[in-house]
2 protein chains.
Amino acid sequence: MAPSLERKGEGEEAMAENRHVTLAAVAKAAGVAKSTASHVFTGKRVVAPETAERVRHAAAAMGYTGPSPLGRALASGRTHLIAVVTHALLEDPDTDPLSLAILDGLQREFAEAGYGTVLIPPITDESSRVLAHTVLYDGVVSVRRMVGFEETDPYLASRKVPWIALDGYMNEETAVYMDDAKATEELARRVIAAGHERIGIAAYTFAVEERPDGLTTFEELYASAPNNVKRRLDGFVRAGVEPVGVFRCGSVNRASGAAAAEALLGLEEPPTCILTVADVHAAGVIDHARRRGLRVPEDLSVTGFDAVSIAGLDGDEICSVTQDGVQKGRIVARRLLAMLAAEAVRREGGTPSPLGEPEELELPLRWGTTVATRE
Amino acid sequence: MAPSLERKGEGEEAMAENRHVTLAAVAKAAGVAKSTASHVFTGKRVVAPETAERVRHAAAAMGYTGPSPLGRALASGRTHLIAVVTHALLEDPDTDPLSLAILDGLQREFAEAGYGTVLIPPITDESSRVLAHTVLYDGVVSVRRMVGFEETDPYLASRKVPWIALDGYMNEETAVYMDDAKATEELARRVIAAGHERIGIAAYTFAVEERPDGLTTFEELYASAPNNVKRRLDGFVRAGVEPVGVFRCGSVNRASGAAAAEALLGLEEPPTCILTVADVHAAGVIDHARRRGLRVPEDLSVTGFDAVSIAGLDGDEICSVTQDGVQKGRIVARRLLAMLAAEAVRREGGTPSPLGEPEELELPLRWGTTVATRE
DNA sequence: CTGAAAGCGCTTACAG
DNA sequence: CTGAAAGCGCTTACAG
């Protein structure tokens, strides 16, 4: 029948009373005060060995596994739960291995610090709204929420707990320092050194802003780009790139990358290499090139960002910048944990020491197969 | 600095008092009893429109977003949290896309029912032990925990909440009905119809039992196999397979599949087709064949189970049985939710109606490219 | 080294 | 239609 029933009996002692054994009951059985029993389990104050033993014995006899997390949470004001608000993450793992790796890192780091990770979707309808208001947590990380944040964000803010929005958009940079510009500058320099003179750029702004895909000017693109994209563009500029064409991708997927390739190749002076700011876009560029019968990289070169593994590349490896998602998740988690600690100090009327600079995530280059050397 | 600070102000009204607004405070400000204020938010009893309006107004003025989940949880005894105990899941997503899909399904179904999903690792050391005892939840699903369950399982049992162990090992079958035998029978029949007469079988028992990889007899393998594997083997038998060799894989990974191929191909009468019970094993068989310079499927055919996408197959698609992980996760989640509902009835002294048969997961065949037709 | 008591923020019978 | 009160299971000053 129910698994829990099948296993019943295993850990129970003679007089097992089962239904909802409480600290109070254990304390009573052991002939001590609730506070003493509590301290036996939390270890926050010294208890005479003999007394402790009596309590532990009573607990074992009654099948008591330790203080109820719920009671502890209410009394201490700490749930030891971190909410991760995410939607796209699991929807299609193949398309977003980076987010998945980030979740992995978050979860591990939180677990090691004694925090559980609660997955909740952004608020998009009644059920997600109810859930958001129902879930308990001490802090939040929101990841890649391209959807629903009009309502989700104000709500998260209203809960007044530490919050890091990890979506490459608003304030990811307060949690982890990434020198995107340094990485893309190096990437672009190698492209130029390979002999490319006609270079195109494709970068994204968010679909949410309802800007369509389309050719644009560098200045216009830059002005509407999220901060991390801006930094990547900075690197191109620093390397001395003067693009023959610039495309704004309305969304972060392959189709949008393909659209970029189509538009840029249609220019009077088409680029020999397209610099993108995301591997999925680079993959889309490759998709389009193949459809047109163009060889990559001989006829068209392309670079990306993130160095994630993407399906259907047939052995091609995108020249890109490696972003270690697991490591990033861990760094972000540590930052949130630090914010939590600071908040705890503040609660007790103290003045927390400043958080200091965020940790830096290294962004090494991955030189793949998608950039050809031109004579 | 902290994101939550940056956003502050947005949703606040004039007299915002901020620090920990409680239901009691709102009730007082609105001049009503706590119970009335509570009912305005829960909707569990009718409140006069005018009164409700006063409460809502006071709440808005004080920046109160609704009853604290923590308070509600303690008072109601429901945390609206389901723990998912998992380790391998995120560790290496590429190697276990099925578990990932299952998690996706679980998470979605739970979210739609108003339950958050908490990720916690199995108990393997002090920090995971502390976490397990800290986390709040109303029910548990454990997934693919090949590790740490000696301590984890008894602990989960001791929490006495509904629990489904989804690891293809103990009681997955109480939660979802899968007719593995029907699927593998059909698969094996097609292999036989393709002209294969010398067939090998490779299946797994768990590494945890410390049985090494190795050739064995069908009876011996069957006796030590988990139930789901038994069912898959049943299908082979029903199709009339009389294996020329049987291999026990000590773990569920490619290396173990490769070991199976090596051993089976070393037999005096080597098989022309190896039936496995997992795609990763089939992939391992392919790995070994290639290393030996054998062509798949011409020189060696192979079948799998799960129909997950596996890297490095170079266009080969394993002949396999499709297991829709997301759907499976949803079915399992619904089962747990039903167990939860039954428990709630029991709590209030009622007698819950029986859960009935578990939902069935369809297991269609995927006929790929890894079985050759022999003359 | 231990106890009695207040309190964490709600919900829910029970009364009216 | 609404209120006063008990209680959910703990932790944590405060006393001794």
Side-chain angles (χ1 to χ4, degrees), chain A residues 17 19-55 59 62 64-80 133-138 159-161 344 347-349, chain B residues 17 19-55 59 62 64-80 133-138 159-161 344 347-349:
Chain A
E17 194 195 306
R19 290 235 60 74
H20 259 12
V21 191
T22 67
L23 219 214
V26 172
K28 193 171 171 190
V32 301
K34 270 171 19 184
S35 47
T36 299
S38 171
H39 287 118
V40 169
F41 293 103
T42 62
K44 290 197 181 170
R45 117 176 156 186
V46 185
V47 176
E50 194 258 331
T51 310
E53 196 37 58
R54 234 180 329 136
V55 172
M62 303 170 80
Y64 183 73
T65 346
S68 147
L70 205 48
R72 305 186 64 171
L74 221 217
S76 69
R78 279 260 174 265
T79 62
H80 284 270
H133 285 256
T134 300
V135 168
L136 317 101
Y137 54 83
D138 298 333
R159 295 260 308 233
K160 281 154 198 142
V161 298
R347 261 195 208 181
E348 290 168 8
Chain B
E17 194 197 305
R19 290 236 58 76
H20 260 12
V21 191
T22 67
L23 219 215
V26 171
K28 193 172 172 190
V32 301
K34 269 170 24 183
S35 46
T36 299
S38 171
H39 287 118
V40 168
F41 293 103
T42 63
K44 290 197 180 171
R45 117 176 156 187
V46 185
V47 176
E50 194 257 331
T51 310
E53 194 38 57
R54 237 183 323 140
V55 172
M62 303 169 82
Y64 183 74
T65 346
S68 148
L70 205 47
R72 304 186 65 173
L74 221 215
S76 69
R78 279 261 173 264
T79 61
H80 284 271
H133 285 256
T134 301
V135 168
L136 318 100
Y137 55 83
D138 298 334
R159 295 263 305 235
K160 283 154 196 143
V161 298
R347 261 196 206 180
E348 290 168 7

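Chain letters run A, B, ... following the sequence lines, proteins first, then strands; residues in each count from 1.
His80(B) places its NE2 atom 15 Å from the C1' atom of dC8(D), with the value rounded to the nearest Å.
Taking the side chain as every heavy atom from C-beta outward, Arg45(A) and Ser35(A) approach each other to under 4.5 Å.
For the atom pair NE2 (His133(B)) and CZ (Arg72(A)), the distance works out to 10.0 Å, reported to the nearest 0.5 Å. Expressed to the nearest 0.5 Å, how far OG1 of Thr134(A) lies from CZ of Arg78(B) amounts to 12.5 Å. The CG atom of Leu136(B) sits 7.5 Å away from the CG atom of Leu70(B) when rounded to the nearest 0.5 Å. In this structure, Thr22(A) OG1 and Lys28(A) NZ are separated by 9.5 Å, a value rounded to the nearest 0.5 Å.
Taking all atoms of both residues into account, the shortest heavy-atom contact from Arg159(A) to Val135(A) is NH2-O, 2.7 Å. The two residues Leu23(A) and Lys34(A) have their closest heavy-atom pair at CD1-O, 3.8 Å. The heavy-atom pair separating Arg54(A) from Gly31(A) by the smallest distance is NH1-O, 4.1 Å. Of all non-hydrogen atoms in Phe41(A) and Val55(A), the two that sit nearest each other are CE1-CG1, 4.1 Å.
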Check nucleotides 9-13 of chain C against the protein and report each pair of N or O atoms closer than 3.5 Å, with its distance, or say if there are none.
from    : atom 1 : to       : atom 2 : distance (Å)
dG9(C)  : N2     : Gly71(B) : O      : 3.4
dC10(C) : OP1    : Tyr64(B) : OH     : 2.9
dC10(C) : OP1    : Ser68(B) : N      : 3.1
dC10(C) : OP2    : Leu23(B) : N      : 2.7
dC10(C) : O5'    : Ser68(B) : N      : 2.9
dC10(C) : N4     : Lys34(B) : NZ     : 2.6
dT11(C) : OP1    : Arg72(B) : NE     : 3.0
dT11(C) : OP2    : Ser38(B) : OG     : 2.3
dT12(C) : OP1    : Lys44(B) : NZ     : 3.4
dT12(C) : OP2    : Lys44(B) : NZ     : 3.4

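At distances below 3.5 Å, at least one donor-acceptor pair connects side-chain atoms of Asp138(B) with backbone N or O atoms of Thr79(B).
Every stem involving DNA chain C, taken as at least 3 paired positions in a row under the Watson-Crick or G-U wobble test at 3.5 Å, is listed here: C:1-3 with D:14-16, C:5-12 with D:5-12, C:14-16 with D:1-3.
Residues from residues 46-54 of chain A that place a heavy atom under 4.0 Å from any atom of DNA chain D: there are none.
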